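Here the structure is laid out as structure tokens; the discussion comes afterwards.
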Amino acid sequence: MDFEKLQELIADNLDVDKEDVKPEAKLIDDLDADSLAVVELQMAIEDEAGVKIPDEDVQKLVTVQDIVDEIEKCKKA
């Protein structure tokens, strides 16, 4: 999944402007995600990217870049 596709997915799921979804943006602090929104985002990313993000790793996803790194890690596993 390229960054632009991920950016669109996050913007749609969190109902934020695509321009606000930057690598350094924090899901909770900057994009106003709550824990339910993060879980819904996890499921959407898993469906779209074809990866399984372990539940224990989801808690470590603070920024958009963390999600990018996690997707790459899951693809290599």
Side-chain angles (χ1 to χ4, degrees):
M1 171 182 290
D2 65 13
F3 182 76
E4 188 169 315
K5 180 66 180 162
L6 178 63
Q7 192 179 34
E8 288 175 19
L9 189 68
I10 292 171
D12 288 346
N13 272 269
L14 300 182
D15 196 26
V16 296
D17 290 333
K18 184 177 168 185
E19 295 78 34
D20 293 336
V21 181
K22 301 174 182 145
E24 66 276 7
K26 294 181 180 176
L27 297 173
I28 294 173
D29 295 340
D30 299 330
L31 303 177
D32 295 326
D34 58 20
S35 56
L36 178 60
V38 172
V39 170
E40 290 173 345
L41 183 59
Q42 172 194 6
M43 293 187 298
I45 291 168
E46 288 176 342
D47 288 345
E48 196 68 38
V51 297
K52 173 70 177 117
I53 301 171
D55 290 338
E56 61 271 9
D57 288 351
V58 173
Q59 300 166 7
K60 301 173 191 169
L61 304 179
V62 176
T63 66
V64 173
Q65 185 62 50
D66 292 340
I67 296 172
V68 171
D69 296 342
E70 184 66 25
I71 292 170
E72 289 304 312
K73 184 178 103 178
C74 289
K75 285 185 175 181
K76 292 177 183 173

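Bear in mind that the values here come from a model prediction, so they are computed numbers and not experimental data.
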Can you find a pair of side-chain heavy atoms, one from Glu48 and one from Met43, that are under 4.5 Å apart? no
To check you understand the geometry: which heavy-atom pair defines the closest contact between Lys60 and Glu56, and what is its length? CE-O, 3.9 Å
Crowding at CD, Glu4 (>12 non-hydrogen neighbours, <6.0 Å): no
Between Lys22 and Asp30, is the closest basic N to carboxylate O distance under 4.0 Å? no
Which pair of heavy atoms, one from Lys75 and one from Ala49, lies closest together, and at what distance? CE-O, 4.1 Å
Tell me whether the count of non-hydrogen atoms from other residues, nucleotides or ligands lying under 6.0 Å of NZ in Lys18 goes above 12. yes
Any donor-acceptor pair under 3.5 Å linking the side chain of Asp34 with the backbone of Leu36? yes
Using side-chain heavy atoms (C-beta onward) and a distance below 4.5 Å, is Ile67 in contact with Leu27? yes
Taking atom CZ of Phe3 and atom CD1 of Ile71, what is their separation to the nearest 0.5 Å? 10.5 Å
Could you give the distance from CE (Met1) to CD (Gln7), rounded to the nearest 0.5 Å? 12.0 Å
Close side-chain approach of Val21 to Val16, heavy-atom, < 4.5 Å: yes
Decide yes or no for Val68 and Leu6: does some side-chain heavy atom of the first lie under 4.5 Å from some side-chain heavy atom of the second? yes
Is Asp55 close to Gln42 at the side-chain level, that is, under 4.5 Å between some pair of heavy atoms? yes
Could you tell me whether Asp2 atom CG has more than 12 heavy atoms of other residues or ligands within 6.0 Å of it? yes
Verify the cluster assignment for Leu14 and Val39: are they in a single hydrophobic cluster under the rule of side-chain heavy atoms below 4.5 Å apart? no
Can you find a heavy atom in the side chain of Glu70 that is under 4.5 Å from one in the side chain of Asp66? no
Least distance between heavy atoms, Ala33 atom then Val38 atom: CB-CG2, 4.1 Å
Indicate yes or no: at least one non-hydrogen side-chain atom of Leu61 is less than 4.5 angstrom from one of Leu41. no
Minimum-distance pair of heavy atoms, taken over all atoms of Thr63 and Pro23: CB-O, 3.6 Å
Output yes when a side-chain donor or acceptor of Asn13 lies under 3.5 Å from a complementary backbone atom of Leu9, and no otherwise. yes
Take a 6.0 Å sphere around NZ of Lys26 and say whether it holds more than 12 heavy atoms from other residues, nucleotides or ligands. no
